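In what follows, chains carry the letters A, B, and so on, assigned in the order in which the sequence lines appear, proteins first and then strands, with residues in each chain numbered from 1. Quick caveat, the model's predicted, so the values are computed rather than measured.
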Protein chains: 2
Amino acid sequence: MARTVGSNGPKTMEAIRKAGLRLIYTQGYEAMSLRRLAAEVGIQAGSLYNHITTKQDLLFDLIKVHMDELLERLDQALDGIADPEDRLQAFIAFHVGYHIARKREVFICYSELRSLESKNYDIVVGLRQQYERKLIGILDDGVASGRFTVADTTVAAYGILAMLTGVCTWFKPAGRLSKEEVTGIYTGMVRHGLVRTVDAPAVAEAT
Amino acid sequence: MARTVGSNGPKTMEAIRKAGLRLIYTQGYEAMSLRRLAAEVGIQAGSLYNHITTKQDLLFDLIKVHMDELLERLDQALDGIADPEDRLQAFIAFHVGYHIARKREVFICYSELRSLESKNYDIVVGLRQQYERKLIGILDDGVASGRFTVADTTVAAYGILAMLTGVCTWFKPAGRLSKEEVTGIYTGMVRHGLVRTVDAPAVAEAT
DNA sequence: CTGTTATAAAAACGTATGTTCGTAATTAAA
DNA sequence: TTTAATTACGAACATACGTTTTTATAACAG
């Protein structure tokens, strides 16, 4: 009835984050009880407070860390690419790949926003806007340089993001399509339309 | 301390559904307490049970009624239209219009799925699949009759749905774009791509 | 008017929640 | 070896939850 053999702070914290992510993904933040979380980690509920400050802080931390990483990796993916067309292609590939790999993190970032206290909420929404603006920037650049034709830059950006993010809801690693095939299909749909009529064919689809 | 003057069953039930919808939309199902719901309606928590059987049943009823209406209205919108191209156009217009008008219902249908007990969950997922299959059917018909070219029917269908449903997250009735303009933009993006390159222009955009 | 049904109040029930506290044992530092 | 910092247990706290029950009055049907 005290500190247990082999107990280790950082290791426990990581277990809390991992179990918390899974439980919030499957049950939702409000529905996840700290007793259940503690049980998954293998400790008592009160012991959680040696590692977290509040339940809310755990949620915010999970989301914040993910958003920071998302932004950082996007910068890496776009680094050194200048041409708007190539940047758009790189954005699509990055977004699809990342959302397939981190579907749980992505999901709670959207679905648990309303469980964040207003201060935390504002921070996360700000980060998400930063991400959105990267794509809007790519489209604007392409339009400004005369390379792109876009009906409405903002609507197109939100449309692309919604369409690509949807991959989380149906993609299965062992499914019919590979990650690369999916990326290719999405890229084609962004560039040439999702449904084309035969009597009005698009131009050659070089890949 | 008993039945109040002017109390009326159906009227109270409607008030419960209306307040419930709003509270679940803003706070989430788990976060909405029945005491808060009752207060919004102007009755005591226990009195809710003269109108609902359980909290879960209220959620399921809200979602089920919405899904039924969604399917019925879609059938009306497509009724009498035979050409795949026209049907696709009608689907897009219907989906965008309905999702703009009922953004709260739509939102809880997606976000509160995991709060449904498994039996209720299965029913709702079944209804949603019915809806998705309507669109897939339109695409399949177009492909079969040689009118459409689609990279991957299923991916395209999910892509269209995700892209169109995204309208809920940003559309404001008093905003820059009207419902009709938005529908037009989305239709164009589905048919000709979200971003086109200038040196590979699509064909004339007849409307 | 009488009898029945519908609706709400009020109080209570059992349970679950996030969180705190005191204590004990382990680990790490001196 | 001694000392200090970590980490977990176990019990408890106050509060909130969904739900049930009893009771009283309003609405309605005959």
Check: A:R191 main-chain N/O paired with B:R196 side-chain donor or acceptor under 3.5 Å: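 No.
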On the nucleotide C:dA6, are OP1 or OP2 found under 4.0 Å from the side-chain N or O atoms that B:H51 carries?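 No, outside the criterion.
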N or O in side chain of B:T12 less than 4.0 angstrom from C:dT7 OP1/OP2: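 Negative; the distance criterion is not met.
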Of residues 25-38 of chain B, the positions that come close to DNA chain D - non-hydrogen atoms, cut-off under 4.0 Å: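 The answer is B:M32, B:S33, B:L34, B:R35.
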Crowding at NZ, A:K179 (>12 non-hydrogen neighbours, <6.0 Å):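 Result for NZ/A:K179: open.
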Sequence neighbours excluded, which residues qualify as side-chain contact (heavy atoms from CB on, under 4.5 Å) partners of [X]?
{"X": "A:Y110", "value": "A:V106, A:R128, A:T165"}
{"X": "A:E40", "value": "A:A19, A:R22, A:L23, A:R36"}
{"X": "B:L21", "value": "B:R104, B:E105, B:I108"}
{"X": "B:E117", "value": "B:Q56, B:N120"}

Gap between atoms [atom1] and [atom2], on [X] and [N] respectively (whole Å):
{"X": "A:I43", "N": "C:dG18", "atom1": "CD1", "atom2": "P", "answer": "14 Å"}
{"X": "A:Q44", "N": "C:dT23", "atom1": "CD", "atom2": "P", "answer": "19 Å"}
{"X": "A:I16", "N": "C:dT19", "atom1": "CD1", "atom2": "C1'", "answer": "14 Å"}
{"X": "B:L58", "N": "D:dG18", "atom1": "CG", "atom2": "P", "answer": "11 Å"}
{"X": "B:L48", "N": "C:dT7", "atom1": "CG", "atom2": "C1'", "answer": "12 Å"}
{"X": "A:L59", "N": "C:dG18", "atom1": "CG", "atom2": "P", "answer": "13 Å"}
{"X": "B:Y49", "N": "C:dA8", "atom1": "OH", "atom2": "P", "answer": "15 Å"}

Can you list every pair that meets ring-ring contact (aromatic ring centres under 6.0 Å, His included) and has a residue in residues 22-41 of chain A, with sequence neighbours left out?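 Sorted pair list: A:Y25-A:F107.
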Let me spell it out: for each of B:Q56 and B:T4, pick the nucleotide of DNA chain D with the closest heavy atom. Which residue's pick is nearer the 5' end?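 Final value for this comparison: B:Q56.
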Pair of N/O donor and acceptor under 3.5 Å linking C:dA8 base with B:N50 side chain: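 Such a pair is found, so the answer is yes.
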